[in-house]
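Comments concern the structure below.
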Amino acid sequence: MGMTDTATPSVGQRTLGTTSALAVSTLGLGCMGMSEFYGTPDEQSGIDTIHRALDLGVTFLDTADMYGPFTNEQLVGRAISGRRDEVQLATKFGNERNPDGSWVGINGSPEYVRAACDASLQRLGVDHLDLYYQHRVDRSVPIEETVGAMKELVDAGKVRHLGLSEAGADTIRRAHAVHPITALQSEYSLFTRDLDDEVVPVLRELGIGLVPYSPLGRGILTGAVTRDSLEAGDSRAAGRFPRFEGEALDANLALVEKVKELAADKGCTPGQLALAWVLAQADDSLGVVPIPGTKRVTYLEENVGAVGVELSADDLAALEQAVPRDAVAGDRYGDMSTIDS
């Protein structure tokens with residue numbers, strides 16, 4: 001391990017899942033934005049951020065074959081070269097893209113599962129994955145067949161633990177009956193709490209961990225997003241995310257102002273407060289490990305600071321009052337058709 005700054009709180013560990021338990025760092029790192037979707041990719045900056053993350057004890061790294069496409073896994077592979085044993089490495093299959101970036105579709109066929117895993121292992125330069133997710137549910141293939149093929153990867157030693165992403169409660173139950181599911185990765189934040197209705201109770205019942213992606217609402221909860229701040233090449237400005245458009249953006253930025261006020265009272269940044277809220281949703285029956293994405297060391301260090309922010313019951317209530325669950329304007333995706341419910 002590299003030396004950590006004495007000023008930085010110990011990140012510590014949490015466990016995802018109980019039947020097939022995986023110990024990871026309390027906070028993970030989403031690597032997607034290093035290669036695509038959030039402005040100009042900067043490979044060296046991405047590698048520097050991953051190295052700094054490992055030095056700070058953020059060892060749970062998240063990527064997917066579709067990011068880039070394919071280049072993000074290669075970047076992560078280069079960054080962890082020589083440090084594989086420090087890392088809990090997660091990647092995903094199922095959003096099929098061509099090398100030119102064009103979209104093929106969602107693919108959960110057993111043949112594709114096997115081929116995608118081998119390709120990911122090769123790009124990452126590793127002999128096994130700690131956690132392998134189905135990125136989106138393929139409604140044309142029974143989940144039992146997809147997870148059956150994923151189970152074969154576990155039996156072959158290529159994968160240690162299995163996950164799903166954006167799966168609904170019924171799909172999760174059916175998948176878990178084939179092979180224990182360790183984690184569900186879905187969007188979850190102060191701005192997105194619909195999992196609380198049906199999905200979180202199922203995770204608790206079956207002993208499955210929750211890995212929230214976009215725990216900062218795609219950055220809006222950091223306070224850094226303004227009407228003018230979204231640069232060209234940023235998918236948030238391209239109509240994919242209705243919350244970042246028109247009147248919805250104005251309404252949502254007004255909610256962020258309230259989070260800023262509470263953060264100032266607490267002596268932390270708005271992003272740290274929002275992340276601390278997500279971390280506080282964990283308890284003995286539910287491991288919660290958010291994976292805020294960043295491509296910059298400064299934001300990584302700010303995110304790590306959230307681990308040291310302790311929220312009282314009053315703090316949590318004030319936050320939930322400041323951002324009522326249904327006050328957030330706009331759907332989280334312009335096209336919700338790929339989301340399993």
Determine whether the side chains of Asp283 and Ser285 contain a donor N or O and an acceptor N or O closer than 3.5 Å.
yes
Would you check, one step at a time, whether the test side-chain hydrogen bond (donor to acceptor under 3.5 Å, both in side chains) holds for Thr226 with Asp228?
CA-CA 5 Å; Thr226 64; Asp228 307 317; 5.0 Å; no
Are Phe191 and Val259 linked, directly or through intermediate hydrophobic residues, by side-chain heavy-atom contacts shorter than 4.5 Å (ILVMFWY only)?
yes
If you define the side chain from C-beta out and look only at heavy atoms, does anything of Ile208 sit under 4.5 Å from Thr182?
no
Listed pairs under 3.5 Å, donor-acceptor, residues 21-33 side chains, sequence neighbours left out:
| unit_1 | atom_1 | unit_2 | atom_2 | d |
| --- | --- | --- | --- | --- |
| Ser25 | OG | Leu27 | O | 2.7 |
| Ser25 | OG | Thr59 | N | 3.0 |
| Ser25 | OG | Phe60 | N | 3.2 |
| Thr26 | OG1 | Val11 | O | 2.8 |
| Thr26 | OG1 | Gly12 | O | 3.3 |
| Thr26 | OG1 | Gln13 | N | 3.3 |

In short, Ile172 meets Ala167 closest at the heavy-atom pair CD1-O, 3.5 Å
So for atom CG, which belongs to Asp284, do other residues, nucleotides or ligands contribute more than 12 heavy atoms lying within a distance under 6.0 Å?
no
Looking just at side-chain N and O atoms, do Asp100 and Ser102 make a donor-acceptor pair shorter than 3.5 Å?
yes
Has Glu144 got more than 12 heavy atoms of other residues, nucleotides or ligands less than 6.0 Å from its CD?
yes
Is it the case that Ser189 and Arg332 place a side-chain donor and acceptor less than 3.5 Å from each other?
no
Closest heavy-atom pair and its distance - Ala322, Leu262
CB-CD1, 3.8 Å
Report the distance from atom CZ of Arg139 to atom OG1 of Thr171, rounding to the nearest 0.5 Å.
8.0 Å
Honestly, is Arg325 close enough over Tyr188, meaning NZ or CZ under 6.0 Å from the six-membered ring centre and within 45° of the axis?
no
Establish, from distance only, whether the side-chain atoms of Trp277 and Glu320 form a donor-acceptor pair under 3.5 Å.
yes
So Leu153 and Cys117, do their side chains get closer than 4.5 Å, heavy atoms only?
yes
Under 3.5 Å: donor-acceptor pair, side chain of Thr146, backbone of Gly108:
yes
May I ask you to say whether Arg83 pairs ionically with Glu86, meaning some side-chain N is under 4.0 Å from a carboxylate O?
yes
Can you give me the closest heavy-atom contact between Leu221 and Ala274, atom names plus distance?
CB-CB, 3.9 Å
How about Asp48 and Ser45: does a side-chain donor come under 3.5 Å of a side-chain acceptor?
no
Check whether more than 12 heavy atoms from other residues, nucleotides or ligands sit under 6.0 Å from atom CD of Gln122, and answer yes or no.
no
Let me confirm one number: the OH-CG distance from Tyr132 to Leu121, rounded to the nearest 0.5 Å.
7.5 Å
If you compare all heavy atoms of Val178 against all heavy atoms of Lys151, which two are closest, and at what distance to 0.1 Å?
O-CD, 3.8 Å
Tell me whether Tyr112 is reachable from Val104 by hopping between hydrophobic residues (I, L, V, M, F, W, Y) whose side-chain heavy atoms are closer than 4.5 Å.
no
State, with a plain yes or no, whether a side-chain heavy atom of Ile181 is found less than 4.5 Å away from one of Leu206.
no
Rounded at 0.5 Å granularity, tell me how far CE in Met66 sits from OG1 in Thr91.
11.0 Å
Kindly compute the distance separating CZ (Arg243) from CD1 (Ile220), expressed to the nearest 0.5 Å.
9.0 Å
Look at atom CZ of Arg114 and say whether more than 12 heavy atoms of other residues, nucleotides or ligands are closer to it than 6.0 Å.
yes
Taking 4.0 angstrom as the limit, do Lys295 and Asp42 come out as a salt bridge?
no
Using atom types as modelled, flag every donor-acceptor pair under 3.5 Å from a side chain in residues 302-310 to any protein atom, sequence neighbours excluded.
| unit_1 | atom_1 | unit_2 | atom_2 | d |
| --- | --- | --- | --- | --- |
| Glu302 | OE2 | Thr269 | OG1 | 2.7 |
| Asn303 | ND2 | Tyr299 | O | 3.4 |

Heavy-atom distance under 4.5 Å between the side chains of Leu273 and Leu311, does that happen here?
yes
Does Arg97 come within less than 4.0 Å of Glu36, counting only side-chain N to carboxylate O?
yes
Checking Asp65 against Ser120: is there a side-chain donor and acceptor pair closer than 3.5 Å?
no
Please determine whether the number of non-hydrogen atoms from other residues, nucleotides or ligands lying under 6.0 Å from atom CD of Gln44 exceeds 12.
yes
State, with a plain yes or no, whether a side-chain heavy atom of Ser35 is found less than 4.5 Å away from one of Leu75.
yes
Do any N or O atoms from the side chain of Arg236 and from the backbone of Val225 form a donor-acceptor pair under 3.5 angstrom?
no
Start with the C-alpha gap between Lys266 and Asp315, add the side-chain angles, then the distance that decides, and say whether salt bridge (charged side-chain N to carboxylate O under 4.0 Å, His left out) holds.
CA-CA 9 Å; Lys266 197 78 187 151; Asp315 292 331; 2.8 Å; yes
Classify the ring geometry of Tyr67 against Phe37: parallel below 30°, tilted from 30° to 60°, perpendicular beyond 60°.
perpendicular
Quick check on the hydrophobic clustering: are Val126 and Phe70 connected, directly or via other members, by side-chain heavy-atom contacts under 4.5 Å?
no
State, without any angle test, whether Ser20 and His161 hold a side-chain donor-acceptor pair at a distance under 3.5 Å.
yes
Assess whether side chain to side chain contact (heavy atoms under 4.5 Å, CB included) is satisfied between Leu190 and Leu255, documenting all intermediate values.
CA-CA 10 Å; Leu190 262 176; Leu255 296 173; over 6 Å; no
When you group the ILVMFWY residues by side-chain heavy-atom contacts below 4.5 Å and let the links chain together, are Val297 and Val87 in the same group?
no
Could you tell me if the side chain of Leu275 sits less than 4.5 Å from the side chain of Pro292, heavy atoms only?
yes
Met150 side chain reached by His179 side chain, heavy atoms, under 4.5 Å
no
Do you see a donor-acceptor pair shorter than 3.5 Å between the side chains of Asp62 and Gln185?
yes
Working to the nearest 0.5 Å, report the span between NE2 of His135 and CG of Leu164.
12.0 Å
Which atom pair, heavy atoms only, marks the closest approach of Ala183 to Val211?
CB-CG2, 3.9 Å
Looking only at heavy atoms, the pair that brings Ala327 and Asn252 closest together is O-OD1, 4.4 Å
Step by step, would you call His128 with Val159 a side chain to side chain contact (heavy atoms under 4.5 Å, CB included)?
CA-CA 5 Å; His128 73 278; Val159 172; over 6 Å; no
Would a hydrophobic clustering, with Ile, Leu, Val, Met, Phe, Trp and Tyr connected at side-chain separations under 4.5 Å, put Leu54 with Leu89?
yes
With Met34 as reference, evaluate Val76, Thr49, Thr71, Thr294 under the side chain to side chain contact (heavy atoms under 4.5 Å, CB included) test and give the passing residue.
Thr49
Euclidean distance, Leu162 CG relative to Tyr133 OH, rounded to 0.5 Å:
11.0 Å
Does the pair Arg240/Asp331 count as a salt bridge with the N-to-O cut at 4.0 Å?
no
Quick one, Val288 and Leu279 - any side-chain contact, counting heavy atoms below 4.5 Å?
no
What I want to find out is whether Lys158 reaches Asp118 closely enough, with some N-O distance under 4.0 Å, to be called a salt bridge.
yes
Is it true that Tyr213 and Glu166 share a donor-acceptor pair across their side chains at a distance under 3.5 Å?
yes
